[in-house]
Amino acid sequence: MHMSKIGEYFKLGEVFRYFYRVFQKPDPSRPTNANIRMMHGINRISIIMFLICLIVMIVRAILR
């Protein structure tokens, strides 16, 4: 497999940009509705739960 194709799988820039966008204050110039606010709220909860679980798994692995 060509090296640039492998690099495409590990591009995390979009993921981190989404994390930044989800946790920043809403832009008043952008249109919003209840569905988008609910979606971002659920995504925030999911991201926080994932990070907490990741920390717990790392601590458990270290303490073994």
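Note that the numbering runs from 1 along the sequence shown for the chain.
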Stepwise, does the side-chain contact (heavy atoms from CB on, under 4.5 Å) test hold for N35 with M39? CA-CA 6 Å; N35 292 332; M39 179 190 70; over 6 Å; no

Test of understanding: clusters of I, L, V, M, F, W, Y form through side-chain heavy atoms closer than 4.5 Å, transitively. Do V59 and L54 belong to the same one? no

Linking I/L/V/M/F/W/Y whenever their side-chain heavy atoms sit closer than 4.5 Å, directly or via other members, would I55 and M49 fall into one cluster? no

Same cluster (ILVMFWY, side-chain, under 4.5 Å), I47 and F50: yes

Following the transitive rule for hydrophobic clusters with a side-chain heavy-atom cut-off under 4.5 Å over Ile, Leu, Val, Met, Phe, Trp and Tyr, establish whether I58 and L51 coincide in one cluster. yes

